[in-house]
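Heads up, the thing below is written out as structure tokens.
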Amino acid sequence: MAAPGRRIAGMQSRSFGPGEVVFRQGDAGKREAYLVHDGTVEVRRQTPNGERVLRTLAKGDLLGEVAFFSDGPHSATALAIGRLTLLVVPADRLEHLLRTKPNLGIAIIRQLARMAAIEDDRPRS
């Protein structure tokens with residue numbers, strides 16, 4: 001289970017041990033996204049042909065943005081690879097940052113576009 005963390009850069013953090021699940025595919029979103037502060041996290045999706053790894057995220061990457069922006073359930077499972085610390089970015093804070101720092105919005109859009117391009121390039125079975 002995730003350990004409630006300390007505050008880092010004024011934000012709440014959560015820590016996970018190796019192999020711990022951050023969230024599961026289908027879990028309700030909590031109106032928060034996560035910024036990888038330390039460690040790596042693997043994002044996996046269950047498909048009719050089994051589970052597949054979508055991407056591996058490291059320090060500085062955003063996690064949980066699909067559920068956050070779609071206001072729906074998580075579209076994939078996130079699993080800690082080794083020790084992992086995430087910064088919790090609540091909806092109101094992220095929305096404020098996007099309004100006041102347009103470059104952040106552009107960076108998030110680029111990340112979402114990269115993810116969509118990777119998904120489009122995957123062979124379908």
Side-chain angles (χ1 to χ4, degrees):
M1 190 71 183
R6 61 193 195 283
R7 293 187 81 73
I8 300 172
M11 299 174 72
Q12 187 63 39
S13 69
R14 291 191 190 135
S15 297
F16 299 84
E20 282 191 89
V21 173
V22 176
F23 53 75
R24 292 189 186 285
Q25 182 176 338
D27 285 353
K30 298 179 180 177
R31 295 287 296 145
E32 58 189 25
Y34 311 94
L35 188 64
V36 179
H37 179 70
D38 191 34
T40 55
V41 59
E42 200 169 72
V43 180
R44 302 173 176 190
R45 180 176 295 149
Q46 190 64 40
T47 69
N49 297 323
E51 190 173 64
R52 85 175 184 218
V53 175
L54 300 177
R55 62 193 184 279
T56 302
L57 303 175
K59 186 172 184 156
D61 287 330
L62 191 63
L63 174 67
E65 72 287 344
V66 174
F68 176 85
F69 286 112
S70 69
D71 202 19
H74 288 286
S75 62
T77 296
L79 184 71
I81 304 300
R83 293 213 142 301
L84 174 67
T85 303
L86 299 174
L87 299 181
V88 179
V89 186
D92 59 342
R93 178 133 187 205
L94 184 56
E95 288 169 1
H96 172 75
L97 286 170
L98 291 172
R99 283 189 183 95
T100 59
K101 306 224 183 275
N103 288 342
L104 176 62
I106 291 168
I108 290 171
I109 290 167
R110 284 187 178 137
Q111 180 175 340
L112 292 170
R114 279 192 301 273
M115 290 167 33
I118 290 168
E119 188 64 24
D120 285 347
D121 287 344
R122 292 192 184 270
R124 305 284 190 245
S125 330

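Just so it is clear, the values below take in all heavy atoms, side chains as well, and ignore hydrogens, waters and symmetry mates.
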Check against side chain to side chain contact (heavy atoms under 4.5 Å, CB included), Val36 and Leu86: CA-CA 5 Å; Val36 179; Leu86 299 174; 3.9 Å; yes
Does the side chain to side chain contact (heavy atoms under 4.5 Å, CB included) test come out yes or no for Arg45 and Ser75, once each step is laid out? CA-CA 7 Å; Arg45 180 176 295 149; Ser75 62; 3.7 Å; yes
Report the C-alpha separation of Glu51 and Gln46 in whole Å, then their side-chain angles, then the decisive distance to 0.1 Å, and conclude whether the side chain to side chain contact (heavy atoms under 4.5 Å, CB included) test is met. CA-CA 4 Å; Glu51 190 173 64; Gln46 190 64 40; 3.5 Å; yes
Working for side chain to side chain contact (heavy atoms under 4.5 Å, CB included), residues Phe23 and Thr77: CA-CA 6 Å; Phe23 53 75; Thr77 296; 5.9 Å; no
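Nearest heavy atoms, Ala80 versus Gly17: CB-O, 3.4 Å. His74 and Ala28 get closest at one heavy-atom pair: CD2-O, 3.9 Å. Across every non-hydrogen atom of Ser15 and Thr85, the tightest pair is OG-OG1, 3.7 Å. Taking each heavy atom of Arg55 and Leu57 in turn, the nearest pair found is NE-CD2, 3.8 Å. Nearest heavy atom pair, residue Gly60 against residue Leu35, reads O-CD1, 3.4 Å. Between Leu79 and Gly19, the shortest heavy-atom contact is CD1-O, 2.9 Å.
Note on Glu20 versus Arg14: no salt bridge recorded, every NZ/NE/NH1/NH2 to OD/OE distance being 4.0 Å or above.
Around the CZ atom of Arg31, the shell of radius 6.0 Å holds more than 12 heavy atoms that belong to other residues, nucleotides or ligands.
The side-chain heavy atoms of Tyr34 and Leu62, taken from C-beta on, include no pair separated by under 4.5 Å.
Atom OG1 of Thr100 sits about 12.0 Å away from atom CD of Glu95, to the nearest 0.5 Å.
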